[in-house]
> 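The structure that follows is given in the form of structure tokens.
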2 protein chains.
Amino acid sequence: MKSDTVFKQAFNQTLDLLSAAGTGAPLPSENALSADLGVSRTTVRKVLARLSERGYVAGQGRNRVIASAVPDGAHFPHPETVATAKQVEVHFMEWMLRGQAQPGTQINELELARAFGVGTTGIREFLNRFRRFGLIAKRPNAGWVFMGFTREFAMELFEIREMFELRSARALAQLPDSAAIWPRLRAIERQHRDLLRDIDERYQDFSDLDNRFHRLINAAAPNRFIDDFYDIITLIFHYHYQWNKHDERARNEIAIHEHLAYIQALLTRDLPRVQAACTLHLASARATMLATFEAA
Amino acid sequence: MKSDTVFKQAFNQTLDLLSAAGTGAPLPSENALSADLGVSRTTVRKVLARLSERGYVAGQGRNRVIASAVPDGAHFPHPETVATAKQVEVHFMEWMLRGQAQPGTQINELELARAFGVGTTGIREFLNRFRRFGLIAKRPNAGWVFMGFTREFAMELFEIREMFELRSARALAQLPDSAAIWPRLRAIERQHRDLLRDIDERYQDFSDLDNRFHRLINAAAPNRFIDDFYDIITLIFHYHYQWNKHDERARNEIAIHEHLAYIQALLTRDLPRVQAACTLHLASARATMLATFEAA
DNA sequence: AAATTGTTTTTTATCGATAAGCGAAAACAG
DNA sequence: CTGTTTTCGCTTATCGATAAAAAACAATTT
């Protein structure tokens, strides 16, 4: 049976909308809600029905109004709103990157399914999708093997990353003045400066900014295989640095400065300078990640 | 339930072994057969049991001998020996590349399952694995969309291919004299000359040789992401040219000459010459594929 | 007529069950 | 004791069933 995480998440989001609007206000149309929440109207109607049942909303059809304030505890608990596939991902990344798993470890579908509280199908699907990340290998009819999040893996990952990013940075620098990318680059430059100003409080926001910055560069000359590869980078970085907080503030501050130099270079469109700034930053990112292997 | 294609294929292969050995000869040990056929001993035993039952093999345990010649028609029909996953692949590639499918077409899991004669799980798994080929996209909870085997797809594919191969060719040219790759390169050069000699009869063998040649170049400096990408190339080329036989002989002959020039360049280790030969060949391969879009 | 709601049909996500296939341990032969 | 076969438990591949979610269609209101 399908899980109803979509419904529960939509329900919680709608509760927040109700709170924001206040008692007595009329509700938006079903179509509007559907667009807002990013779910089908079928789900919206299910949410509305539940809200009426609970008494938070009164009236029928197009005469619905907010009937009462939403009490604390009306939301579905967070874990119930996370899609099964996402849960598997989080569990599996933790299992892999936090060291319980040695290179060469056999992966047992049924065992993982039990441990993560999902059916074997979910595990299977995840493993199949995750295969392209290069961290697991399949032996037909005989299961999966974890290959290890090793120094070697990181080296290979960065080799490709540098190749791709250099290519995209070059392409970006050669775009005409009229290209839509330049204002976007300036906008992200501003966000870097803002973050740098509040670095002491907000240094954790860098991870997201970093991701957006590199994706913007790749967007200069779109290529689906490069985009795909960036999914791998994003996932690995996301989980790796989430559990590896050593020197995070200092690391991020340095990276912001590198980004700013890189952006300056791009804005001048001086190709050698772009390449230098790009190479410098990526080498630094690589050194940071490789350093985590030395420590261990 | 799991299909028994592994058993059936092993059975057929064993029949061929029996025919080759002739009546009266003793059978190899179960372990030897297992290694030979590339299946587990469990499956070997199942095959042996069936052979005894049919009377082709007499004796028990280590005293098994071939009892009689194998009649025609003893083999399982070929389709029964193809794993479900492979069947799905073949069907799907045909559906996709032979034009019944327009870009933007919705992919219906159940419908495909019916059409291909497999369960929905098989389709789902295939689609998930196939996603990385960049030809289909997923909209969560709402199915898959076929994006089209378009000129644009081919351009993006070749951009990456050229980037990767140039990198590998450079790495190869810089390996020391003692590297194990040089004799292998000479061996594959010989195979090219052999094929060229019999080009009229054997031009169809080029596809396999081409694949092995490019993989050898990538093996100079292994990187799992490049290997992975080469899987995409291999699959696309395999099916595309299987159904696109226009000028095949001439095409292949030209490509062999390009390969030979490329190999010569590699053997001299003259970097500019290597790059020139590599670029030339890849540009030619790209032009060949792009030409198929003009025709349509 | 356009937008909205009500209803029905279609399609996906997810589970559990089961035979095929793998691999290790036990038993056996020389 | 070495290589082989026998036996057995464990794991994967594959199916069909079912509720959730989306999408298409019909009816209604403004």
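Reminder, nothing fancy here: chain letters follow the sequence lines and each chain counts from 1. Keep in mind that this is a model prediction, so the values were computed, not measured.
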> Would you say the side chain of Thr234(A) lies within less than 4.5 Å of the side chain of His214(A), judging by non-hydrogen atoms?
no

> I want to check something: taking the side chain as every heavy atom from C-beta on, are Ile136(A) and Val145(A) in contact at a cut-off of under 4.5 Å?
no

> Taking Arg129(B) first and then Asp231(B), would you say they form a salt bridge - that is, a charged N and a carboxylate O separated by under 4.0 Å?
no

> Tell me which residues in residues 106-123 of chain A lie within less than 4.0 Å of DNA chain D, going by non-hydrogen atoms.
Ile107(A), Asn108(A), Glu109(A), Leu110(A)

> Tell me, which of residues 25-37 of chain A have any heavy atom that sits under 4.0 Å from an atom in DNA chain D?
none

> Considering only NZ, NE, NH1 and NH2 on the basic side and carboxylate oxygens on the acidic side, decide whether Arg114(A) and Glu111(A) come within less than 4.0 Å.
no

> Is any side-chain N or O of Arg62(B) under 3.5 Å from a base N or O of dT5(D), one able to act as donor and the other as acceptor?
no

> Please list, one pair per line, the donor and acceptor atoms closer than 3.5 Å that link side chains of residues 70-80 of chain A to other protein atoms, with sequence neighbours excluded.
residue	atom	partner	partner atom	Å
His75(A)	NE2	Asp16(A)	OD1	2.9
Glu80(A)	OE1	Lys8(A)	NZ	2.8

> Might you work through the side chain to side chain contact (heavy atoms under 4.5 Å, CB included) test for Leu235(A) and Glu89(A), ending with a clear yes or no?
CA-CA 10 Å; Leu235(A) 194 88; Glu89(A) 179 195 301; 3.3 Å; yes

> Under 4.5 Å between any side-chain heavy atoms of Asn141(B) and Val39(A), yes or no?
no

> Applying ring pair (Phe, Tyr, Trp, His ring centres under 6.0 Å), which residue pairs with at least one partner in residues 106-128 of chain B are found, sequence neighbours left out?
His91(B)-Phe116(B), Phe92(B)-Phe126(B), Phe126(B)-Phe130(B)

> Phe149(A) and Tyr239(A): aromatic ring centres closer than 6.0 Å?
no

> Which pairs count as salt bridge (Lys or Arg N to Asp or Glu O under 4.0 Å) when at least one residue sits in residues 55-69 of chain B, sequence neighbours excluded?
Glu30(B)-Arg64(B)

> For Met1(B) and dT14(D), what is the distance between atoms CE and P respectively, to the nearest whole Å?
11 Å

> Is any side-chain nitrogen or oxygen of Arg45(A) closer than 4.0 Å to OP1 or OP2 of dG6(C)?
yes

> What's the CD-P distance between Gln60(B) and dT4(D), to the nearest Å?
18 Å

> Let me spell it out: for each of Ala85(A) and Asn63(A), pick the nucleotide of DNA chain C with the closest heavy atom. Which residue's pick is nearer the 5' end?
Asn63(A)

> In the 5'-to-3' direction, what one-character label does each nucleotide of nucleotides 21-27 of chain C receive under the scheme B = base within less than 4.0 Å of a protein heavy atom, S = sugar-phosphate only, - = no such atom?
SBB----

> Lys86(B) has an atom NZ; how far is it from atom P of dT14(D), in whole Å?
14 Å

> Between atom CD in Glu125(A) and atom P in dT12(C), what is the gap in whole Å?
12 Å

> Taking Arg224(B) first and then Asp228(B), would you say they form a salt bridge - that is, a charged N and a carboxylate O separated by under 4.0 Å?
no

